[in-house]
Number of protein chains: 2
Amino acid sequence: MAKKKILRIKDIAKAAGVSVGTVDRVLHKRGKVSDKALKKINAILTKNEYKPNLIARTLGSNKSYKIAALLPNPQQDPYWSIAYQGIIQAETEWSHYGLRVVSCVFDLLKKESFKETAERVLKQKPDGILIAPIFYNETLPYFKLFYKKGIPYVLFNTNITESNGLSFIGQDLYQSGRVAAELICLGQQGKATFGVLHVDEDLNDSVHLLEKERGFKDFIKENYKGDSSIESLNRTSSSDFSFKKRLAALLNKTDLKGVFVSSSKGTATAATFLKSHGKDGIRLVGYDLLEKNIEYLKSGAIDFLIHQKPQQQAFEGISSLANHLIFKKDPPSINLFPLEVITRQNMGSYLIERPHSISIPE
Amino acid sequence: MAKKKILRIKDIAKAAGVSVGTVDRVLHKRGKVSDKALKKINAILTKNEYKPNLIARTLGSNKSYKIAALLPNPQQDPYWSIAYQGIIQAETEWSHYGLRVVSCVFDLLKKESFKETAERVLKQKPDGILIAPIFYNETLPYFKLFYKKGIPYVLFNTNITESNGLSFIGQDLYQSGRVAAELICLGQQGKATFGVLHVDEDLNDSVHLLEKERGFKDFIKENYKGDSSIESLNRTSSSDFSFKKRLAALLNKTDLKGVFVSSSKGTATAATFLKSHGKDGIRLVGYDLLEKNIEYLKSGAIDFLIHQKPQQQAFEGISSLANHLIFKKDPPSINLFPLEVITRQNMGSYLIERPHSISIPE
DNA sequence: ATTTTTAGTGTGTGCGCACACATTTTTTAG
DNA sequence: CTAAAAAATGTGTGCGCACACACTAAAAAT
């Protein structure tokens with residue numbers, strides 16, 4: 001029943017026979033402190049494990065931080081619209097602690113637009129950056145710039161391992177593809193063809209989509225019982241005729257047993273195709289709880305969705321930066337979200353609004 | 001670009017031409033305030049939506065709260081052991097804000113033990129109670145007592161709708177059963193028998209298990225393509241011979257297509273049975289990421305687990321009470337967790353330690 | 001008309017910390 | 001041996017809020 005007394009700076013000072021100012025200097029490594037005092041204070045510190053009261057800390061220092069969020073235009077794609085909501089939410093919840101978020105959006109399909117927007121971000125001179133690095137080659141030089149300028153940055157959605165950022169928030173995409181394959185194979189057997197669809201994204205730079213495909217293929221090769229072939233189709237735009245033809249051919253295969261779509265928006269598109277071809281019995285696995293996807297899942301056209309939690313990713317991204325700046329508390333360098341499987345029966349439980357507020361460390 | 005100024009009590013006071021004391025009285029409904037001042041302040045309040053700075057609030061009031069946690073003995077069952085970890089974690093994370101948690105554990109199988117422990121809880125005179133009300137009839141009178149004494153209490157794991165508690169944290173059990181059924185039916189057809197196993201729990205009071213069974217049966221009746229029958233078995237103790245015989249009979253049925261176990265510990269038990277009967281090809285659906293369950297899921301004996309998140313439930317339970325007491329911020333009266341489906345392929349993503357810290361409201 | 005009551009209001013302090021500034025002590029220079 | 005510079009340490013203030021307390025003015029009682 002030892003009443004666990006919490007150690008304040010004041011207590012340390014008294015114990016060391018110095019003033020709070022000296023302790024403060026030791027804690028923050030500022031100013032000069034005599035060897036004697038330093039040793040005495042450090043001894044007490046290590047022995048008693050001082051933990052600053054973060055609440056008091058933020059209250060006192062009334063600083064204000066600006067974070068720039070660099071992501072695709074939310075109006076172009078419902079997925080990014082949901083991510084954007086997470087940013088807005090994080091901003092409102094952190095606003096009390098002197099945090100502002102400036103969102104800078106670029107055209108999902110134009111690398112040039114990305115570059116311009118990245119420049120705009122730099123002009124803002126933000127204290128931190130949240131970035132969705134969907135263009136691999138274009139992003140790399142900016143990481144270097146951020147680093148040189150000493151601006152902490154957090155990646156979300158897509159990882160670039162050599163980024164050296166403060167943190168990455170997202171999912172294991174390879175494993176995500178494996179989960180999709182597992183769900184497609186479940187209870188199926190015999191000679192089979194599976195389709196992989198990439199819809200409206202530039203595959204050249206979309207490492208993330210290819211990772212999913214790789215996981216998908218690997219799993220099927222390793223686990224599918226029976227002969228299997230996998231056909232990968234890539235739609236470059238909504239008026240891509242060659243895609244339409246190849247898709248029709250794929251859907252006509254009698255041994256087509258499942259289709260995997262690598263993006264959330266594409267999932268609804270694919271469901272529409274399947275339905276219009278009268279093939280909505282084919283097992284379809286895609287991504288995310290977009291409105292349309294929810295409808296198709298309900299109606300049975302979609303069988304499984306893997307939840308990428310774009311909103312939470314963005315929210316945690318902002319929160320990571322906020323904690324770093326305000327509380328000087330660093331996030332883990334990799335924050336991998338679970339690969340949540342959505343079915344007709346558990347969908348409802350995911351649509352409930354859940355309390356969701358900012359986390360402060362310690 | 002309107003610089004969103006944050007409204008402090010001081011600002012309100014100035015705007016209303018009164019002192020901070022008067023505003024404080026209005027905000028906390030204490031003391032007397034003239035009609036004129038009241039109206040003026042309220043006008044400003046509703047117009048500008050004042051949000052107190054919770055950080056400052058906690059800093060000032062240096063109170064200390066005691067929460068009692070009333071749950072089954074963690075050593076009896078790994079499920080409750082995980083829940084207990086959530087309590088410990090919540091306690092350490094909240095300890096800085098003057099929160100202590102006293103855990104009071106009872107025998108999972110003895111109603112008398114529950115009563116005794118509940119009495120012990122009351123003697124503690126806690127400021128809040130977290131309770132796992134697994135015994136329906138025995139718990140009800142205590143809810144009344146808590147209420148009469150004005151002690152806020154939060155339920156988790158099992159809901160008792162007429163409880164009138166501050167909040168319930170858990171899952172929709174009926175729907176949980178439906179998810180299990182959905183997973184069992186997936187890709188299966190033809191004449192089938194399904195088994196429902198309840199292991200080592202007193203079914204008379206276990207509303208929660210029966211709810212799961214009801215959901216399971218309903219789904220199959222509504223959705224299974226083909227004749228189906230469902231057999232429900234209930235093991236009362238590990239030496240229940242009648243159960244063993246009936247189980248053996250069930251496992252010998254050639255049309256047995258799936259087994260659903262209603263509890264987490266039971267899931268591993270059932271997997272062992274299936275394996276020893278050479279029937280681990282039968283689809284098995286159970287609950288939670290217990291160590292044994294993880295092993296069986298890996299090896300293929302278990303096909304799906306539904307994740308009840310006992311640790312998070314307990315953690316959020318304590319957090320709800322803490323927010324209520326410290327920040328005077330009430331949780332939603334029902335906090336339903338999603339029904340997360342664990343498979344071989346996504347299991348890994350659930351086993352990663354994720355950052356998880358306390359949330360403060362606003 | 002003076003005292004007492006009370007409705008209404010204002011002021012002051014502290015929570016733990018950061019940081020600017022004031023003060024003391026020690027060292028170095030002249 | 002004093003003056004100036006440098007090093008080390010101490011003091012004070014404010015962050016936004018809660019709450020105890022002090023205070024004023026008007027109403028009620030004597």
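What's counted below: heavy atoms across the whole structure, side chains too, no hydrogens, waters or symmetry copies. Proteins come first, then strands; the chains are lettered A, B, ... in the order of their sequence lines, and each starts at number 1.
The partner of D/dA20 is C/dT11, judged by Watson-Crick or G-U wobble contacts that both fall below 3.5 Å.
The side chain of B/I9 sits closest to D/dA18 out of C/dG8, D/dA18, C/dC19. For A/N53, the side-chain atoms get nearest to C/dG16 when compared with the rest of C/dT9, C/dG16, D/dG16. Here the nucleotide nearest the side chain of A/S19, chosen from C/dT9, D/dG16, D/dG10, is D/dG10.
Using a 30° and 60° split on the angle between ring planes, A/Y153 and A/F143 fall in the parallel class, below 30°. Aromatic ring orientation, A/F114 versus A/Y142: perpendicular (interplanar angle above 60°, classes split at 30° and 60°).
Comparing A/G21 and A/D35 against DNA chain D, the residue whose closest nucleotide sits nearer the 5' end is A/D35.
Residue A/H28 places no side-chain N or O under 4.0 Å from the OP1 or OP2 atom of C/dC19. Phosphate contact (OP1/OP2 of C/dG10, side-chain N/O of B/T22, threshold under 4.0 Å): present. Remark: B/Y50 is in phosphate contact with D/dC17, judged by side-chain N or O atoms under 4.0 Å from OP1 or OP2. Between B/S34 and C/dA7 there is no side-chain N or O to OP1 or OP2 distance below 4.0 Å.
Atom P of nucleotide C/dC17 and atom CG of A/L7 are separated by 9 Å, given to the nearest angstrom. Straight-line distance from the NZ atom of B/K10 to the P atom of D/dC19: 19 Å, rounded to whole Å. Regarding A/L27, its CG atom lies at a distance of 13 Å from the C1' atom of C/dC19, rounded to whole Å. As a whole-Å value, the separation of B/K32 NZ from C/dT6 C1' is 9 Å. Protein atom CZ of A/R57 is 18 Å distant from nucleotide atom P of D/dG16, rounded to whole Å. Remark: C1' of D/dC17 and NZ of B/K51 are 17 Å apart, rounded to the nearest angstrom. Between the P atom of D/dC17 and the CD1 atom of B/I326 lies a distance of 18 Å, rounded to the nearest Å. Between the C1' atom of D/dC17 and the CZ atom of B/R30 lies a distance of 10 Å, rounded to the nearest Å.
Between B/Q308 and B/Q313, the side chains place no donor N or O within less than 3.5 Å of an acceptor N or O (distance only, hydrogens not considered). A donor and an acceptor atom, one from each side chain of A/Y50 and A/D11, are nowhere located under 3.5 Å apart.
Base engagement by B/V20 is indicated by at least one non-hydrogen atom pair under 4.0 Å involving a base atom. Within the 4.0 angstrom heavy-atom criterion, base atoms lie near B/D24.
When side chains are defined from C-beta on, B/S349 does not count as touching A/L336, because their heavy atoms never get closer than 4.5 Å.
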